Amino acid sequence: MHITKITNNKKRYLPLLLLADEEEAMLDRYLERGTMYVLDDGSVKAECIVTDEGGGILELKNLATQPQFQRRGYAKALVRFIEAEYKNRFKTLQVGTGDSPATLPFYQKLGFTRSHVIKNFFTDNYSHPIYDGGVLLKDMVYLRKQL
C-alpha cells in the first residue's frame, strides 16, 4: 500500500471524488486549491483532498473509498497519513460532513469531536437533495481534532 500526492489532472479521479461530494460544482470550489492524495493497494482504493483554511486549520474536504473496498481501513490509513504529514504545520484537522449515522461515527472513532454546525448547508448549496445512509442531509457538521 502506498499513498501518492496528485499534482495534476485531478479530475481523472472524478468518479471516486464524487462519492464523497456528489455535486461537481461544489468539488470544483476546492479541487485545484487543495492537495490531493491517492491510496493505491494494487489499484486505487481511496483518495482525499485537504485544504489550508488559515489560522492553523487543515480541512479534510474530500475522503472516499471505492465501495467494494470500504470497511477495510483505507480511509483510516489516509486520515492517519494526513495527521502525520501535517502535524508540524497545522494545529487542527477539521472535517465538514452531513449529520449522518453512516459517517459521523467513523470520524469520532478517529478522535474527532463536534465543533460547530452550519444550518441548511446541503439544502442551500446543492442542486438536489443529498442522502447519506438513508438520511437526508441538511446541516453541515464540523468535527475537529488537534494535530
Side-chain angles (χ1 to χ4, degrees), residues 1-118 121-122 125-126 130-147:
M1 172 170 49
H2 64 277
I3 297 172
T4 304
K5 183 177 180 179
I6 305 300
T7 56
N8 56 31
N9 196 17
K10 295 174 185 176
K11 282 217 175 175
R12 72 180 179 259
Y13 299 99
L14 190 60
L16 185 55
L17 291 163
L18 290 172
L19 289 177
D21 194 341
E22 62 184 68
E23 189 154 311
E24 191 171 350
M26 292 297 287
L27 179 66
D28 287 339
R29 292 182 179 185
Y30 58 83
L31 182 62
E32 289 309 314
R33 74 177 178 95
T35 304
M36 182 177 184
Y37 296 94
V38 170
L39 185 150
D40 188 301
D41 190 17
S43 64
V44 172
K45 301 293 194 283
E47 63 74 28
C48 72
I49 297 172
V50 293
T51 59
D52 181 345
E53 297 301 310
I57 298 172
L58 181 70
E59 185 165 336
L60 183 56
K61 287 282 195 185
N62 193 301
L63 175 64
T65 303
Q66 298 284 1
Q68 67 271 32
F69 299 108
Q70 291 176 357
R71 299 194 169 285
R72 296 188 187 178
Y74 292 119
K76 179 180 178 180
L78 271 172
V79 173
R80 295 294 187 227
F81 169 83
I82 295 299
E83 292 170 352
E85 185 75 11
Y86 290 93
K87 69 180 178 185
N88 294 322
R89 292 182 272 170
F90 291 87
K91 293 185 267 184
T92 304
L93 178 60
Q94 81 175 7
V95 62
T97 188
D99 195 2
S100 165
T103 307
L104 289 176
F106 167 79
Y107 290 110
Q108 290 167 331
K109 286 179 186 174
L110 292 176
F112 287 83
T113 57
R114 281 181 182 251
S115 170
H116 60 284
V117 173
I118 298 178
F121 179 87
F122 290 99
N125 290 287
Y126 284 80
I130 304 292
Y131 289 88
D132 187 15
V135 173
L136 175 64
L137 302 182
K138 294 178 186 172
D139 303 333
M140 174 79 80
V141 177
Y142 277 91
L143 301 111
R144 289 183 172 175
K145 76 179 295 185
Q146 298 306 305
L147 291 177

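Positions are given from 1, in the same order as the sequence printed here. We use all heavy atoms of the structure for the numbers below, so side chains are in, but hydrogens, waters and symmetry mates are not. If you're wondering where the values come from, they're calculated on a predicted model, not measured in any experiment.
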Point-to-point distance, once rounded to the nearest 0.5 Å, from [atom1] of [X] to [atom2] of [Y]:
X	Y	atom1	atom2	answer
Glu59	Gln94	CD	CD	4.5 Å
Phe106	Gln70	CZ	CD	10.0 Å
Met140	His116	CE	NE2	9.0 Å
Gln108	Thr113	CD	OG1	8.5 Å
Ile6	Lys11	CD1	NZ	15.5 Å
Leu143	Leu104	CG	CG	6.0 Å

State, with a plain yes or no, whether a side-chain heavy atom of [X] is found less than 4.5 Å away from one of [Y].
X	Y	answer
Asp21	Lys61	no
Tyr86	Leu93	no
Ile82	Val79	no
Asp99	Arg114	yes
Leu137	Phe121	no
Leu60	Leu78	no
Asn125	Arg29	yes
Arg80	Leu110	yes

In terms of ring plane angle, is the pair Phe69 and Tyr74 parallel, tilted or perpendicular, where the classes change at 30° and 60°?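 Taking Tyr74 first and then Phe69, their aromatic rings stand perpendicular (interplane angle over 60°).
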Is Glu53 salt-bridged to Arg33, cutoff N-O under 4.0 Å?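 Salt bridge between Glu53 and Arg33, a charged N being under 4.0 Å from a carboxylate O: yes.
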What do you reckon, is [atom1] of [X] surrounded by more than 12 foreign heavy atoms closer than 6.0 Å?
X	atom1	result
Lys87	NZ	no
Lys10	NZ	yes
Lys76	NZ	no

Which is it for Lys145 and Glu83 under the side-chain contact (heavy atoms from CB on, under 4.5 Å) test, yes or no, and what are the steps along the way? CA-CA 10 Å; Lys145 76 179 295 185; Glu83 292 170 352; 2.7 Å; yes
Can you check side-chain contact (heavy atoms from CB on, under 4.5 Å) on Tyr13 and Asn62, steps first, answer last? CA-CA 12 Å; Tyr13 299 99; Asn62 193 301; over 6 Å; no
